[in-house]
Amino acid sequence: MPELAEVEYYRRRWDCALGQRISAVAAHAEKRVFRSISTRRWTELLRGSILHSSEARGKLMLFRLSNKLWLGLHLGMTGELRVERPDFKPAKHDHLVLYQNARTLVFSDPRLFGRIRIHQGEVAPAWWSSLPPSLLSKEFTPARMAGFLHRHRRLPIKATLLLQSGFPGVGNWMADEILWRARVHPRTLSGALEEDRQRILWRAIRLVARGAMKHISPDFSDPPRGWFFNERWGNGGKCPVHGVALARDSISGRTTVWCSRCQP
DNA sequence: CATCTTGTTACGTT
DNA sequence: AAACGTAACAAGAT
């Protein structure tokens with residue numbers, strides 16, 4: 001589920017725990033979500049550490065702790081963060097559980113596509129520092145986007161939008177929302193977009209990213225009426241502009257929904 | 001039972 | 001060498 005704004009929503013859920021010590025750790029250490037962790041004893045490192053702050057970039061989250069510890073989280077397809085009572089007992093999919101005096105922090109992920117990383121050092125880990133600029137930052141410019149589209153000029157634009165190295169945080173529904181607003185057919189090759197169409201696409205990316213952050217991150221509400229988002233799941237979706245039945249097909253292995261009238 | 005899934009990555013091919 | 005297509009990962013929903 002989690003794309004840009006949903007990741008931000010889950011990150012904020014643990015805000016209540018900042019400044020507080022982790023008193024105990026429970027983990028399903030053999031699960032795939034821990035595949036990036038090399039050190040044994042990592043649960044001992046976390047136990048006793050204080051959770052200082054957190055940040056989300058794209059679909060990744062980084063938590064800074066005392067003792068020069070950093071906790072990286074990716075929610076994959078089905079991951080989520082929750083806050084439970086102090087006496088919480090982990091269930092089947094609750095793979096990382098951090099106990100504090102007043103609450104319990106839970107990372108759960110049924111499909112195990114998520115990823116948990118631990119890093120120890122003065123500064124944030126390299127995988128974090130080398131992330132591409134956020135879609136809402138000054139560094140995400142039309143020129144940068146143009147270069148990325150050119151590098152992937154033989155790839156359908158739908159697939160290019162899903163590349164996290166160019167469009168961090170964009171997932172399947174955001175990509176469809178962006179293309180519908182930019183009136184670009186999802187199969188269009190990335191290199192075939194004229195400069196003016198690229199500019200429209202860039203603006204749609206900013207609008208969708210900003211709107212998603214505004215409407216979804218505070219409380220996981222759906223975007224307002226008129227968003228493509230509200231029509232693209234299940235069959236029977238209608239274009240918010242024309243009421244025309246939406247087209248649906250698999251593009252680069254991902255289900256894609258579009259309006260054949262808006263996006264010729 | 002078959003098919004689907006809001007994500008990434010390994011691997012073989014172009 | 002870089003980019004591309006596809007299968008694989010895993011488990012639940014329909």
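Proteins come first, then strands; the chains are lettered A, B, ... in the order of their sequence lines, and each starts at number 1.
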(Q) Measuring to OP1 and OP2 of C:dG12, would you say a side-chain N or O of A:Lys92 lies under 4.0 angstrom away? (A) yes

Q | C:dA7 and B:dT3, which share atom name P, separated by this distance in whole Å | A | 14 Å

Q.
I need the CZ-P distance between A:Arg32 and C:dA8, as an integer number of Å.
A. 14 Å

Q: Check the distance between C:dA11's C1' and A:Asp109's CG and give it to me in whole angstrom.
A: 10 Å

Q. Think A:His74 has a side-chain N or O under 4.0 angstrom from the OP1 or OP2 of B:dG7?
A. no

Q. Does the pair A:Arg187/A:Asp249 count as a salt bridge with the N-to-O cut at 4.0 Å?
A. yes

Q) Donor-acceptor pair, A:Arg35 side chain versus A:Arg32 backbone, under 3.5 Å? A) yes

**Q.** Face-to-face contact A:Phe113 to C:dC9 six-ring, under 5.5 Å, under 30°
**A.** yes

Q. Taking DNA chain C as the partner, which of residues 147-156 of chain A come within under 4.0 angstrom of it by heavy atom?
A. A:Arg151, A:His152, A:Arg153, A:Arg154, A:Leu155

**Q.** Length of the CG-P vector between A:Leu112 and C:dA8, whole Å
**A.** 18 Å

Q. Where each pair must be Watson-Crick or G-U wobble with both distances under 3.5 Å, what dot-bracket representation of DNA chain B is obtained, with crossing pairs in [ ] and other-strand partners as |?
A. .||||.||||||||

Under 3.5 Å, sequence neighbours excluded: what are the donor-acceptor pairs made by side chains of residues 14-21 of chain A?
from: A:Trp14; atom 1: NE1; to: A:Arg82; atom 2: O; distance (Å): 3.0
from: A:Arg21; atom 1: NH1; to: A:Gly48; atom 2: O; distance (Å): 2.4

Q: Would you list the pairs meeting side-chain hydrogen bond (donor to acceptor under 3.5 Å, both in side chains) in which at least one residue belongs to residues 191-216 of chain A, sequence neighbours left out?
A: none

Q) How long is the line joining CG of A:Leu75 and C1' of C:dC9, in whole Å? A) 17 Å

Q.
Expressed as a whole number of angstroms, how long is the span from A:Leu60:CG to B:dG7:P?
A. 13 Å

Q) Have A:Glu6 and A:Trp173 got a donor and an acceptor in their side chains that come within less than 3.5 Å? A) yes

Q | Selected nucleotide, minimal atom distance to A:Lys59 side chain, candidates B:dT6, C:dA11, B:dT8 | A | B:dT8

Q: Look up atom CG in A:Leu135 and atom CD1 in A:Ile178, then write down how far apart they are to the nearest 0.5 Å.
A: 7.0 Å

Q: Answer with base, sugar-phosphate or nothing: what part of the nucleic acid does A:Gly171 contact at a heavy-atom distance below 4.0 Å?
A: sugar-phosphate

Show the atom names and distances, to 0.1 Å, of all donor-acceptor pairs under 3.5 Å that link a side chain in residues 39-46 of chain A to residues at least two apart or in another chain.
from: A:Arg41; atom 1: NE; to: A:Glu44; atom 2: OE1; distance (Å): 3.3

So which protein nitrogen or oxygen atoms get under 3.5 Å of nucleotides 9-11 of chain B's nitrogens or oxygens?
from: B:dT9; atom 1: OP1; to: A:Arg115; atom 2: NH2; distance (Å): 3.3

(Q) Could you check whether any side-chain N or O of A:Asp176 sits under 3.5 Å from a backbone N or O of A:Val257, counting only pairs where one atom can act as donor and the other as acceptor? (A) yes

Q | A:Glu84 side-chain N/O to A:Leu105 backbone N/O, donor-acceptor pair under 3.5 Å | A | no

Q: Taking the six-membered ring for Trp and the single ring otherwise, decide whether the centroids of A:Phe220 and A:Tyr10 are under 6.0 Å apart.
A: yes

(Q) What is the distance, to the nearest angstrom, from the CG atom on A:Leu162 to the P atom on B:dT8? (A) 8 Å

Q.
Can you tell me if A:Gln164 touches the phosphate of B:dT8, counting only side-chain N or O atoms and a distance under 4.0 Å to OP1 or OP2?
A. yes

